[in-house]
There are 2 protein chains.
Amino acid sequence: MPVTIKDVAKRLKLSVTTVSRALDGYDDVAAKTRERVIRVASEMGYAPSRAARQLRRQKTEAIGYIMPTIKPRFADPFFSEFIAGIGDEAASRNFDLVVSLAPPGEEAERAVYQRWVQGRRVDGIVLSRMRVNDWRVRYLSDSKFPFVAFGRTQLPIDFPHVGVDGESGMRELVAHLIERGHRRIAFVSAPADLTLQVDRMSGYRSGLAAGGIPVDESLIVEGNLTRDGGHHAAQQLLSLAKSPTAIIGANDLTAIGVMRAAHERGLIIGRDLAVAGFDGIESAEHTHPPLTTLNQPVYDIGRQLIHMLITVIEEGTLAERQIMLKPELLIRASTGG
Amino acid sequence: MPVTIKDVAKRLKLSVTTVSRALDGYDDVAAKTRERVIRVASEMGYAPSRAARQLRRQKTEAIGYIMPTIKPRFADPFFSEFIAGIGDEAASRNFDLVVSLAPPGEEAERAVYQRWVQGRRVDGIVLSRMRVNDWRVRYLSDSKFPFVAFGRTQLPIDFPHVGVDGESGMRELVAHLIERGHRRIAFVSAPADLTLQVDRMSGYRSGLAAGGIPVDESLIVEGNLTRDGGHHAAQQLLSLAKSPTAIIGANDLTAIGVMRAAHERGLIIGRDLAVAGFDGIESAEHTHPPLTTLNQPVYDIGRQLIHMLITVIEEGTLAERQIMLKPELLIRASTGG
DNA sequence: CATATTTCCCAAATCGTTTTGGAGTATTAT
DNA sequence: ATAATACTCCAAAACGATTTGGGAAATATG
């Protein structure tokens, strides 16, 4: 049984009040007493009970993140980057990070959010992989629960978030490919309910338009942001009668799957086929050849989001509520660079 | 302000006791009453305060994991796999997963562990990346705090863990390379204080011995489990007068860095140089050429560990305390397969 | 009919903190 | 010397649940 504040008080022949106040740095306890308290408390290995403190203070000093992941596993390095970012920043502010996993859109997901919000499990929540019509935003906003998000929605709700301009990024990428001489540029998309899909797709389309190339719908096939999805889609694209000379993946994982399918057909990437992705995950540097991609600083965005969230939690308000970043086009050998 | 059990009781004109017991499924409340309670409680959106419940029950229904990661970021897909495993299993048992990050071995790390243990922040802790002389094991064991680990230590302390036999795995891998005709087989190691390093290194040595090949110490260079570490080490190895024909990385990330260095020198992997890793991360399937590796089922090990941990927490004891798995040698094109 | 046994409910104590509202002393000002 | 002003400290009341130990009413038993 761990040592409580009462044990410390008894040992010091002081009241728990004084011990508590000494430890919390109030100035109504004599310097000498405070010293004694601090020394003895640490000698006894005292640390306040989180539960008791939370109950009394009505806050948890914890922030929550629910990974929108499909069972039975996920493996997108995007998430490790992101968790590293939010985890580092949270830790440095002495907040705990509580994570759970739930399949997006289903009942289970709703249950976790509700448990955390109603049960006051965390002080705030971080959202990612936003959907165009995202019930999480409606729910948290209705509940007046502090939250921030990586990405936007199409709801008429104003909330703090950091976004990456997928549209302009894609436009730039398409321009790059056109400039390299490509005319048949395919796109392996993400699930249609994701905001990132809407943005990136529209960038793809407007990029083609800007280059005077009509959109060929047969060159757009749906993936699911995984390697296998990209692999699958590419097989389909590459067996087309008029197959594409360039394929863009909605994210890097997709692009890596595309590269694999191309390899299997004996195509030399960068020469026979251009491939590009979106995200800038580290392993995209190490594919063969290295993958052209649109880099987004996921780690830093994570930190930034936590910073914003803690401000909202502590101040109740936030100056700069919406931040829009431009992804950086990294041209590498996979597009013949 | 969220709805408390008192609000529910008042609305129902019942005592909080009865509401609490009805919700908790005690049989000393009339079926009809229970129904009413459940209905109204859910109508009002009541969920018990975690903090209050924790305080009273003296347990948190949360388990902790502290990623041993070097600032300012980490990117080993190993961790996403692992978190997915422990997260999924924890979620399915209705436990929360609390994560933090701390640089291994430093004061900050100790501080987090102490806060969690003394502050009764979590009911149990999962350890990974074990060190041969791991203070965490001593500390948790001394504190009689429930924990499980992925990997062993060399301390004379008995604790529940799942291990992967890195030694026999490496031996098998070395045998495979020797059989392919390699005689100059290099090893890019991990930091020396890690158990996995001791195991894998000793498998490397005994594998060579079994093949009648004397160990050439110049072919052993230290890495740090990252791509850059592998890249660096390989540059050194490949500029040796008598450079190796095969390089084994202590993990897949290292091996991927090695491949990159080889590419840069114009070597064709699988023909001019064999490369192999350890871990079986997903991106090892997608390198060019695909990477030979020793696969360990990280996701399943994570689930298994949580299962063990929750058993320890709830029953106080555990039948099968030590589990040793054999890694599976996946021979792919990077070793000329 | 009197007594035992269920059945169903509740008041109060408890978990370990923080916070509120003083209450004694000692010091300073008048 | 007295009043005013610090300094220090503390008892008791929260916070929101769960659990203990009954108690009253309804039902069963002899």
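Letters A, B, ... mirror the listed sequences (proteins, then strands); counts begin at 1. The shown structure was predicted, so the numbers you read here are calculated from the model rather than taken from an experiment.
Salt-bridge check for B:Glu43 with B:Arg39: passed, with a basic side-chain N closer than 4.0 Å to an acidic carboxylate O.
Here C:dC15 presents its P atom at 17 Å from NZ of B:Lys59, a figure rounded to the nearest Å. Summarising the geometry, the separation between CD on A:Glu35 and P on D:dT8 is reported as 13 Å, rounded to the nearest angstrom. Between the CD atom of B:Gln58 and the P atom of C:dC15 there is a distance of 8 Å, rounded to whole Å. Straight-line distance from the CD1 atom of B:Ile5 to the P atom of C:dC10: 12 Å, rounded to whole Å. Straight-line distance from the CG atom of B:Asp24 to the P atom of C:dC8: 18 Å, rounded to whole Å. Look at NZ on A:Lys13: it is 12 Å from P on D:dC10, rounded to the nearest Å. Rounded to whole Å, the distance from CG on B:Leu12 to C1' on C:dC10 is 14 Å. If you measure from atom CZ of A:Arg53 to atom P of C:dT17, you get 9 Å, rounded to the nearest angstrom.
Among the protein residues, B:Arg50 comes within range of no part of the nucleic acid, since none of its heavy atoms lies under 4.0 Å from any strand. In this structure, B:Thr17 reaches the bases: a heavy-atom distance under 4.0 Å links it to at least one base atom across the strands shown.
B:Phe150 and B:Phe78 have parallel rings, their planes meeting at less than 30° on a 0 to 90° scale where 60° marks the start of perpendicular.
Nearest to the side chain of B:Thr33, among C:dT19, C:dC8, D:dT18, sits C:dC8. Taking every side-chain heavy atom of A:Arg21 into account, C:dG21 is the closest of C:dG21, D:dC9, C:dT18. Nearest nucleotide to the A:Ser15 side chain, out of D:dC10, C:dT17, D:dT19: D:dC10. Out of C:dT19, C:dG16, D:dT20, the shortest distance to the side chain of A:Ala52 is found at C:dG16. The side chain of B:Tyr46 lies closest to D:dA17, out of C:dT17, D:dC10, D:dA17. When distances run from any side-chain atom of B:Arg120 to the nucleotides D:dG16, C:dG16, D:dC9, the shortest one goes to C:dG16. Nearest to the side chain of B:Leu55, among C:dC15, C:dT17, D:dC9, sits C:dC15.
Under a cut-off of 6.0 angstrom, the local environment of CZ in B:Arg152 is sparse, with at most 12 non-hydrogen atoms contributed by other residues, nucleotides or ligands.
Checked by distance alone, B:Asp28 brings no side-chain donor or acceptor within 3.5 Å of a matching partner on the base of C:dC8.
For the pair B:Arg56 and C:dT14, the criterion of a side-chain N or O lying under 4.0 Å from OP1 or OP2 is not met. A sub-4.0 Å separation between OP1 or OP2 of D:dA17 and a side-chain N or O of B:Thr4 is present. Between B:Tyr26 and the phosphate of D:dT18, there is no side-chain N or O to OP1/OP2 separation shorter than 4.0 Å.
Along DNA chain C, the nucleotide nearest B:Val29 and the nucleotide nearest A:Arg57 are compared for position; the residue whose nucleotide lies closer to the 5' end is B:Val29.
Between its opening and closing five pairs, the helix from C:dC1-D:dG30 to C:dT30-D:dA1 changes axis direction by 50°, a value rounded to 10 degrees.
Side-chain rings of B:Phe159 and B:Phe147 approach one another, their centers coming within less than 6.0 Å. Taking the six-membered ring where the residue is Trp, the centroids of B:Trp135 and B:Tyr113 are separated by under 6.0 Å.
With 3.5 Å as the limit, one finds a donor-acceptor pair spanning the side chains of A:Ser15 and A:Thr18. B:Thr153 and B:Asp134 form no side-chain donor-acceptor contact under 3.5 Å, judged by distance and modelled atom types alone. For the residue pair A:Ser128 and A:Tyr65, a side-chain donor N or O sits within less than 3.5 Å of a side-chain acceptor on the partner.
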